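Predicted model, so just to flag it, every value in this text is computed and none were measured. Naming: A, B, ... by sequence-line order, numbering from 1 per chain.
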Number of protein chains: 2
Amino acid sequence: MSKPKLPVPLCPAILDGELSRAQAEKLAALFRALADPARVQLLSLIAAQPGAKACACHFTERMALSQPTVSHHLKVLREAGLLERERRGNWLYYHVVPERLAIVSATIWPPTARRARHG
Amino acid sequence: MSKPKLPVPLCPAILDGELSRAQAEKLAALFRALADPARVQLLSLIAAQPGAKACACHFTERMALSQPTVSHHLKVLREAGLLERERRGNWLYYHVVPERLAIVSATIWPPTARRARHG
DNA sequence: GCGCAATATCGACGCACGTCGATGCCCACC
DNA sequence: GGTGGGCATCGACGTGCGTCGATATTGCGC
């Protein structure tokens, strides 16, 4: 009951009509999670690990950021549904949630968007 | 010479390997342009107009924002390459740049990403 | 249960950004 | 060429957020 990670779109695609204020806020919140270079780099770093998982200790040294700062960014990404973590002993392993990224991608440029071109 | 709007990707996809700091900053800058509800709503509003174009005067009343604020958001979207404008007499008509949105979408979730799934 | 190691949380600081009123610029019209 | 309207720019204010050091929490091993 605590894992609402269904791949259900949060709102219509941007180009598929006028978005309500609430829909725009949901979308913007997701974009805001991606609006920091450190977080984008973290995502790519995690995705590049074998098995697409990585323990948090690995990031601090690679990113030239303090441990609290990395922890903060991981939390933001996790709260946006882009990241999940699991405990393995003392370490926490993070992995990307591809369904979530796919949703964001489709909201920006869905397959149905091509028919909406107006030249 | 002043319109570098070629549909060339700005960096590899997020999940296609470790992004450099510079690549992550380019991407984050693009996401930051989309990280405000007003700007997301503006995009959908412009795209929903007939011909996907609209004069700026139309937005101020619809968005409950002052005219300078709307102008500011339009500038941010334009500098991100997501919007372009053309003058028609006294009015400025804005239109979305679909190629730019397609690039952002593909960077988040490219067609090649599906093969990178690790279960 | 005690110490250690990995990570999260807290409080504070500084900067970036959204917002607005006032003002300037550009174009059409007379 | 003077006037009016549409839009951009400027300056200022308040808030949000990235960053860090210090501290708390959690789990492992002895």
Side-chain angles (χ1 to χ4, degrees), chain A residues 2 19 21-22 24-43 45-46 49 53-95, chain B residues 2 19 21-22 24-43 45-46 49 53-95:
Chain A
S2 60
L19 263 50
R21 185 69 183 185
E25 277 175 6
K26 272 192 193 173
L27 247 186
L30 213 39
F31 287 135
R32 209 177 307 124
L34 293 167
D36 188 281
R39 289 198 283 270
V40 172
Q41 209 169 4
L42 268 176
L43 275 182
L45 207 55
I46 294 175
Q49 299 305 312
K53 301 192 178 186
C55 79
C57 61
H58 184 64
F59 306 142
T60 304
E61 50 192 43
R62 295 266 327 222
M63 306 258 320
L65 289 175
S66 74
Q67 179 267 325
T69 300
V70 171
S71 184
H72 164 70
H73 287 311
L74 289 171
K75 183 180 184 181
V76 171
L77 288 171
R78 200 157 51 86
E79 287 178 344
L82 298 168
L83 239 47
E84 284 180 353
R85 68 180 178 188
E86 85 186 85
R87 183 173 285 278
R88 289 184 64 135
N90 252 338
W91 295 271
L92 288 175
Y93 279 71
Y94 285 82
H95 65 97
Chain B
S2 59
L19 263 50
R21 185 71 184 185
E25 278 175 4
K26 272 192 193 174
L27 248 186
L30 214 38
F31 288 134
R32 208 176 309 125
L34 294 168
D36 188 280
R39 289 197 285 269
V40 172
Q41 210 169 2
L42 268 176
L43 275 182
L45 208 56
I46 294 175
Q49 299 304 313
K53 301 191 176 183
C55 79
C57 59
H58 185 64
F59 307 140
T60 304
E61 51 192 43
R62 295 266 328 222
M63 306 259 319
L65 289 175
S66 73
Q67 178 268 325
T69 301
V70 171
S71 185
H72 164 70
H73 287 311
L74 289 171
K75 182 180 183 181
V76 171
L77 289 170
R78 203 157 50 88
E79 287 178 344
L82 298 167
L83 239 46
E84 285 179 352
R85 68 179 176 187
E86 83 185 86
R87 183 174 286 278
R88 289 183 64 134
N90 252 337
W91 295 273
L92 288 176
Y93 279 72
Y94 286 83
H95 65 98

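- Under the side-chain contact (heavy atoms from CB on, under 4.5 Å) criterion, A/A35 pairs with B/F31, B/R32, B/A35, not counting sequence neighbours.
- When the C1' atoms of four end pairs are superposed on the next four at each end of the helix from C/dG1-D/dC30 to C/dC30-D/dG1, using five pairs per end, the two resulting axes differ in direction by 30°, to 10°.
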B/S/- contact track for nucleotides 25-30 of chain C, protein heavy atom under 4.0 Å: --BS--
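- Side-chain contact between B/L74 and B/I46 is present, with at least one heavy-atom pair separated by less than 4.5 Å.
- Distances shown here put a side-chain N or O of A/K75 below 4.0 Å from the OP1 or OP2 atom of C/dT9.
- With C/dA8, C/dC17, D/dA8 as the choices, the nucleotide that has an atom nearest any side-chain atom of B/R85 turns out to be D/dA8.
- Under the salt bridge (charged side-chain N to carboxylate O under 4.0 Å, His left out) criterion, no residue pair touches residues 63-81 of chain B, with sequence neighbours excluded.
- Judged as a side-chain contact (heavy atoms from CB on, under 4.5 Å), and not counting sequence neighbours, the contacts of B/V76 are B/A33, B/R39, B/H72.
- Within 4.0 Å of B/R39, counting heavy atoms only, lie sugar-phosphate atoms of the nucleic acid but no base atom.
- Residue B/W91 contributes atom CH2, which lies 15 Å from atom P of D/dA8 at whole-angstrom precision.
- Side chains of B/L43 and B/L34 form a contact here, defined as non-hydrogen atoms less than 4.5 Å apart.
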Hey, what are the protein-to-nucleotides 19-21 of chain D N/O distances that come in under 3.5 Å?
| from | atom 1 | to | atom 2 | distance (Å) |
| --- | --- | --- | --- | --- |
| D/dT19 | OP2 | A/H73 | NE2 | 2.4 |
| D/dC20 | OP2 | A/S66 | N | 3.0 |
| D/dC20 | OP2 | A/S66 | OG | 3.1 |
| D/dC20 | OP2 | A/T69 | OG1 | 2.8 |

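- By the side-chain hydrogen bond (donor to acceptor under 3.5 Å, both in side chains) test, B/S66 pairs with B/T69, sequence neighbours left out.
- The stretch residues 56-70 of chain B participates, sequence neighbours left out, in these salt bridge (charged side-chain N to carboxylate O under 4.0 Å, His left out) pairs: A/E18-B/R62.
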